[in-house]
Amino acid sequence: MTETELPKIYDHTEVERRWYDHWEKQGYFRPRDGEGLPFVTLIPPPNVTGSLTIGHAFNHTIQDVLTRWQRMTGVPTLWLPGFDHAGIATQNVVERKLTAEGKSRHDLGREAFMNEVWKWKEHYHARITEQMRRIGDSVDWSRERFTMDEGLSRAVREVFVCLYKKGLIYRGNRIINWCPRCLTALSDEEVEYQELDGKLYHLMYPIKGTQKHIVVATTRPETMLGDVAVAVHPKDKRYTPLKGKTAILPFLRREIPIIFDDSVDPKFGTGAVKVTPAHDPNDFELGQRHGLTPIVVMDPSAVMNENAGDFRGLTREAARARIVEALQDRGLIARIEPHRHSIGHCQRCDSVVEPYLSLQWFVSMKPLAKPALEAIEKGELAILPRRWEKVYLRWLEGIRDWCISRQLWWGHRIPVWTCAKCAETIVEVEPPTRCTKCGATDLKQDEDVLDTWFSSWLWPFSTLGWPEDTEDLKRFYPSSVLITGPDIIFFWVARMVMAGYEFMGKAPFPVVYLHGIVRDAQGRKMSKSLGNSADPIEISEKYGADSLRLTLLLLSPQGSDIHFSDERVDLGRHFANKLWNAFRLVAPHLRDYTPDEQAARPFLTDADQWILSMLGTTARQVTRNLKAYRIGDAAKDLYDFTWRELCDWYLEMAKPRLYAGPDAPGAEAVRFTIHRVFSTVLRLLHPFMPYLSEELWHALPGTEGDVCVAEWPAPGRAANKETEAKIELLKEIVGSIRNLRSEMNIPPARKAPVLIRATGPEAEIIRGQAELIALLSKAEPLETGSSVKKPAVAASTVVRSHEIFLPLEGLIDVDTERKRLERELDKVVRDFDQSMRKLQNEDFLGKAKKDVVERERTRLESLGMTKEKLERNLEVLR
RNA sequence: GGGCGAAUAGCUCAGCUGGUAGAGCACUUGCCUUACACGCAAGGGGUCACAGGUUCGAGCCCUGUUUCGCCCACCA
């Protein structure tokens, strides 16, 4: 490979096209055979509703980094891909499409509609698969699953039947959350509450046989048509005279009792509450306690029904307006006051949810929650960052029964049949052919489907073949870690833990790592419905998939949200380009090179030893951070090492030896060092930037196979502190000279003489580094030593205790230089005084740690010398 | 009403066991130096939200306050 073969600007499009198929064909993504605990992670199955967002790309990147890293350490790895049918969400988008075509799902009928949804699913499945390949997800496609495939559907039925037989699934007429637009029941978790400004209406109900009224406060006057009582607190003196009385419901003239119940808060509103058991969860319970029969006044689409008298046919909103108007006409509204309260909305369509009495299927959650609660305490489950554990625990402690039936078509049909003849309920995994009680063959299956999460909560074992006792299930359950966002702790994480204990006897994963949510520049969550997320493929085309991955990680401190915008991907793109060009610099000099550590080691320079030492430290840090799920920190370690140490310093130091050619002295050492550094960095970098690292790995001589399965760098020997200190000193001196040159307006390309009057033991080190100092600061000639004479006219500075002079006869403006030195001295004096005060403080000397005091003493000494020398040099200018 | 999180440079954020405040972007100056202008070198810029406290020493620990964000809760 020659320089001319490598373009100046890294072209990711060309490189990223090349490797994915290769890795896949090699079978790297399938778990290798072998002993030892495998590393297993399960994808949070993306919804087939639409394509992936940047949020997904972030979630996948974390999983892929961990999976690729583990693969390189040699353990068998499995990242199992799959997709979620996403019941309501998917049905909604397909229905929306039909609406646009002027059709409804009922025009098509159940079967034809299902075909439409399957087509939709196929389309987006293909799209998502393509996206995952582009961003480099190293998933095992041979094990791909879908929540509605045959095996998972079987698992769903098995679980339903099992829980039913245990008495943990039951059917009941209860108040549930009803979406009048989706026309289905929802679980409590699918309702999103929003604080909104509303009104509190004080309605006057006439008391029978008197001229008086009882005033009830409500936010929803339209539900008054379903009122069956008025309730007050038993100890509320205002209402004790009304014992045994009844009120007359306006419009309907229904006579309703005044009842007494502890649950009424005398301090709220008027202390009297209308009771509407069919449209309010509290009222429902209250009604049950008092034996009241609920009256449903709306139809499923929240239009007033035949029980609403003259208001029949009005929407609930229209009914409210008309009822308030009519009551006002009759003087039955005491007052209306503003009232802020939270109102439930459908998670999927944002309609106001109606508490609605209806017959649904439920899971008793309390018994299932118990082991999931204990899991944390027993240490069988950890949620990172730890603060989320409280959220998880609190939800489980207050858990309520789960409404699992949905009045939809897209989903798993409930495995319950009713006998047309004897009305027997039959609950079976496989469709029965005849009634188990009377033998009749006319059986009708429940029309409803199950909540989409009723399949997702089985994901950790259903994807591995459960209920069959498969090899995969034995080998890969439980998985190693779950990577997901905190927004689905309740929907998914907690429920998976419950199902894991219930059906497998143990937690589905020992660790849950919850990463932040990707937001747009305005702080809104990236979502399909908002349309504020770029397509990862578009970003990959424009900036590169590697760049996207690295950027997301660099932007994400552990566990907090990230603010993303397209342009920020420049961060990753620029890094990719930097690495590419560093490689372009070294590649021609490594042609035909075969690493030989034995031959090189005796000739390693300080610079070589220094970068190798830093490399080792970086490798250790990266591994340590990955183990702690500090993925972003690991990425930063590599970014900083590559750019700040390798490119900014080492490669500059290595250039003369590289340019001198392969036969010059020192060539062996520099080639060895560079080879070692690049082959290590490329391996460390591979989990983060799989494409670029693979490309360069193949371009680097002396490497074998693919970096995808290369050995993860070993921790290596401890840092070489002595050499690191030498180079640190060198950096400081070079920095000071560059600063002087810059202040004196010496053009970068121009060489300029420099004198260093070095003192003490470091003088020897400086002499040893003179060649590099000269190279890096364009100092020519460079004179160092303890006896160096200060030139008559010179810009000067002090590093530690060493004086640096730039003789600038005729070029220097004395006034400018004096001001500069004064500024510098000022700073040193401030530090010196502060340090002095500290060391004069008895408490500090007595109570601070020895090494802290010692460090302070050294610092003061050094500051003192610097001060003294600056003053002396300044004196000359004055 | 409860809980959690955040507040550090103009912007987005690091700062892990208290010991000399950092990065990227943006800005200023000089450079197309034979890897890279997607770059190099130098530089400016901070009462670490506020008020107390603990400590020899606080961005970090404790208490309270303010502002923002998120989650939970049967506020008719």
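Proteins get letters first, then strands, A, B, ... in listed order; numbering begins at 1 in each. Only this structure's heavy atoms are used, side chains among them; waters, hydrogens and symmetry mates stay out. On a predicted model such as this, the values are computed, not experimentally measured, just so you know.
Summarising the geometry, atom CD1 belonging to I773(A) is positioned 15.0 Å from atom NZ belonging to K778(A); distances are rounded to the nearest 0.5 Å.
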Steps toward ring pair (Phe, Tyr, Trp, His ring centres under 6.0 Å) verdict (W388(A), Y392(A)): CA-CA 6 Å; W388(A) 292 110; Y392(A) 166 93; over 10 Å; no
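The phosphate of G39(B) has OP1 or OP2 within less than 4.0 Å of a side-chain N or O from H574(A). For G22(B), the OP1/OP2 oxygens have no side-chain nitrogen or oxygen of R644(A) closer than 4.0 Å. For G43(B), the OP1/OP2 oxygens have a side-chain nitrogen or oxygen of N739(A) closer than 4.0 Å. Distances shorter than 4.0 Å separate some side-chain N or O of W643(A) from OP1 or OP2 on C40(B). For R524(A) and G69(B), the shortest distance from a side-chain N or O to OP1 or OP2 is not below 4.0 Å.
Base engagement by D265(A) is indicated by at least one non-hydrogen atom pair under 4.0 Å involving a base atom. At the heavy-atom level, D570(A) lies nowhere under 4.0 Å from the strands shown.
Using N1 to N3 plus N6-O4 or O6-N4 for Watson-Crick, or N1-O2 and O6-N3 for G-U wobble, each under 3.5 Å, U47(B) pairs with nothing. Both distances falling under 3.5 Å, in either a Watson-Crick or a G-U wobble arrangement, occur for no nucleotide opposite C74(B). Applying the Watson-Crick and G-U wobble criteria (two distances, each under 3.5 Å), G19(B) pairs with C56(B).
With distances taken from any side-chain atom of F490(A) to the nucleotides C75(B), C72(B), C40(B), the minimum falls on C72(B). Taking only side-chain atoms of R387(A), from C-beta outward, the nucleotide of C71(B), A76(B), C4(B) with the closest atom is C4(B). Ranking C16(B), C36(B), G3(B) by closeness to the R630(A) side chain, first place goes to C16(B). With G39(B), A76(B), A73(B) as the choices, the nucleotide that has an atom nearest any side-chain atom of K578(A) turns out to be G39(B). Closest to the R584(A) side chain, of the nucleotides C36(B), A76(B), G39(B), is C36(B). Set against A35(B), C75(B), G24(B), the side chain of F268(A) has C75(B) as its closest nucleotide. Taking every side-chain heavy atom of S742(A) into account, A42(B) is the closest of A41(B), A42(B), A35(B). Listed nucleotides G39(B), A42(B), G19(B) differ in distance to K838(A); the shortest reach to its side chain belongs to G19(B). Comparing A73(B), U12(B), C16(B) by their closest approach to the side chain of H563(A) singles out U12(B). Checking A76(B), G30(B), A41(B) against the side-chain heavy atoms of T218(A) singles out A76(B) as nearest.
Taking the charged nitrogens against the carboxylate oxygens, D851(A) and K849(A) have no contact shorter than 4.0 Å, which rules out a salt bridge.
A donor and an acceptor atom sit less than 3.5 Å apart, one in the side chain of K655(A) and one in the base of A35(B).
Judged purely by atom type and a 3.5 angstrom limit, T218(A) uses its side chain to pair as donor or acceptor with the backbone of R220(A).
Between K390(A) and E652(A), it is K390(A) whose nearest contact on RNA chain B lies nearer the 5' terminus. Toward the 5′ end of RNA chain B lies the nearest nucleotide of Y659(A), the other residue of the pair Y659(A) and T219(A) mapping further downstream.
Using atom C1' as the reference point in both C32(B) and G46(B), the two lie 35 Å apart (nearest Å).
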